[in-house]
Structures are given as structure tokens and as C-alpha cells.
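See below for the structure under consideration.
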Amino acid sequence: MKLYVNPMSPNCRRVAAVVYHTNAKVEFQTIDFGGKFDWDAFKKVNPTGLIPALEDGDFKLGESNAIMQYLADQTKSDLLGTDARSRADVTRWQCWQLAHFGPASDTLLWENMLKGMFGEGEANLDEVKQGLEEFRQHAAVLDKHLSSNKFIGGTHVTLADYSIAANLMYAEPAKLPLLEFPHIKKWYANIETLDAWKKSTPPRA
Ligand SMILES: N[C@@H](CCC(=O)N[C@@H](CS)C(=O)NCC(=O)O)C(=O)O
């Protein structure tokens with residue numbers, strides 16, 4: 001299998017962590033955003049033109065959360081859950097990440113970190129205010145859940161943990177107000193001790 005990634009990208013990191021966790025036989029192809037890469041040709045792999053994307057023979061798959069599920073299934077890992085209810089619960093949190101937590105985190109990541117890095121000017125304070133409101137709203141849900149659960153899926157690490165943790169990898173420069181959410185902070189510190197998470201750390205993070 002070939003996986004198109006850039007290690008700096010949170011969307012790619014959640015998949016890379018699963019590759020390391022499962023020892024999936026994957027060859028990483030690193031895409032340099034600033035370099036020469038034929039994005040038009042790449043649309044044959046992922047029509048959205050976004051990474052991560054996976055090629056497994058003639059099967060091509062985009063969307064980080066879907067790729068994670070495919071890798072967990074291919075490696076017969078318990079990361080997706082072992083029965084219908086645990087699988088649905090993991091999927092529920094991955095959907096929540098994509099619909100709610102990810103977009104709120106991404107607003108702050110863009111305004112407080114990436115915009116400056118890409119020379120796109122100062123943070124827009126209205127956007128930051130909106131991003132903070134949304135982040136606090138969604139983080140409160142996760143924090144309450146983690147007050148009585150070691151991992152998001154309960155007692156052991158699942159895809160849900162890697163999906164959501166990826167949005168916190170730039171918590172400091174993105175100015176995510178994590179101090180207000182002690183259970184998330186504690187859980188994330190625990191994720192940072194996992195080998196697969198450590199191995200997926202980008203070179204300059
Ligand atoms: N929902 C997608 C988002 C993927 C995404 O936004 N990828 C970014 C990197 S973080 C990308 O490929 N950007 C390249 C571009 O916008 O041209 C996923 O979870 O895989």
C-alpha cells in the first residue's frame with residue numbers, strides 16, 4: 001500500500017499513527033507542499049486533491065478517518081472496536097471530530113499559526129472569537145466524557161483517540177485554550193506517551 005502524506009499535517013498524522021500502531025505494510029510517499037508535485041495527476045488517487053490518500057492496488061481512498069478504518073480492518077486490529085456497538089462508538093467520535101472538533105481547532109490553527117507562517121497577514125479577531133467559542137463548546141463535551149474514561153473509546157486506545165489527538169498537535173502555537181479542559185490535557189499527555197504517536201511526530205514539531 002502507498003500512503004501520500006506530509007508529516008506536518010494533522011490530517012496525515014492521525015493516519016501515520018495508525019500505520020505505526022498496526023505495523024501496516026505501507027510505503028509513505030511524502031508530499032512537499034512547497035515543492036513540485038503533480039496535484040492534477042494526483043486527483044486520480046483522490047479526486048478532492050487532498051492528502052492523506054491511500055493506494056492499495058487498484059483501490060484508492062481519501063479522507064483520513066476512512067483510511068484509518070481501512071488500515072485497522074486490513075491489519076485485523078482492535079483499534080476500530082471488536083463488536084457493532086464499539087465500532088459505532090469509535091465511528092461516532094470520528095464523525096464528531098470531522099464535523100465539530102476539527103473545524104473549530106482548524107479555525108484557531110489557521111488564524112493563530114498558519115496564516116503568519118504563510119505570510120497571509122494578521123489573525124482576524126472576529127474569526128478567532130468565533131473559533132474560540134466553537135472550540136470551547138465542543139471541547140466541553142470531550143472533557144466531560146474524559147472525566148470518566150481513560151481513552152475516548154473507554155479502556156483502551158482506539159482510532160477515536162488518534163483522530164482527535166491530531167487536532168491538538170499544535171495546541172500551543174494555535175492557542176487552543178486547553179488549560180480550561182483538564183481532562184483533555186491529561187488524556188492528551190497520555191496519548192503523547194504512546195509509541196505510535198511518538199513515531200508519527202513531524203521532524204520539526
Ligand atoms: N477531510 C480531509 C482533509 C484533508 C486535508 O485538508 N488535507 C490538506 C493537508 S492538511 C491538504 O491536502 N492540503 C493541500 C491543498 O489544500 O492543496 C481528511 O481528513 O483527510
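Every number for a ligand or one of its atoms is a count from 1 in the order of the listing. These values consider heavy atoms only, across backbone and side chains, with no hydrogens, waters or symmetry-generated copies.
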How far is [atom] from its nearest protein heavy atom, and which residue and atom is that?
atom	result
atom 6 (O) of ligand 1	N11 ND2, 3.5 Å
atom 2 (C) of ligand 1	E63 OE1, 3.3 Å
atom 10 (S) of ligand 1	S9 OG, 3.1 Å

[X] N/O under 3.5 Å from ligand 1 N/O:
X	answer
N65	no
I51	yes
S64	yes

Quiz item: More than 12 heavy atoms of other residues, nucleotides or ligands under 6.0 Å from NZ of K115: is that the case?
Solution: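 Yes, the 6.0 Å shell around NZ holds more than 12 heavy atoms from other groups.
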Quiz prompt | Proximity winner for atom 15 (C) of ligand 1, if only heavy atoms of V5, L61, L50 are counted | solution =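 Considering heavy atoms of V5, L61, L50, the nearest to atom 15 (C) of ligand 1 sits in L50.
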Exercise. Answer yes or no: is there a side-chain heavy-atom contact under 4.5 Å between L142 and W96?
Key: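 Yes. Closest side-chain heavy atoms under 4.5 Å.
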Quiz item: Does any non-hydrogen side-chain atom of P173 lie less than 4.5 Å from one of N112?
Solution: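 Side chain of N112 against side chain of P173, heavy atoms only: no contact under 4.5 Å found.
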Quiz item: For the rings on Y4 and F28, is their centre-to-centre separation under 6.0 Å?
Solution: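 They do not qualify: ring centres at least 6.0 Å apart.
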Quiz item: From R87 CZ over to L159 CG, what is the distance, rounded to the nearest 0.5 angstrom?
Solution: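 If we round to the nearest 0.5 Å, R87:CZ and L159:CG are 12.0 Å apart.
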Quiz item: Charged N to carboxylate O below 4.0 Å: is that the case for K129 and D126?
Solution: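 No salt bridge links K129 with D126.
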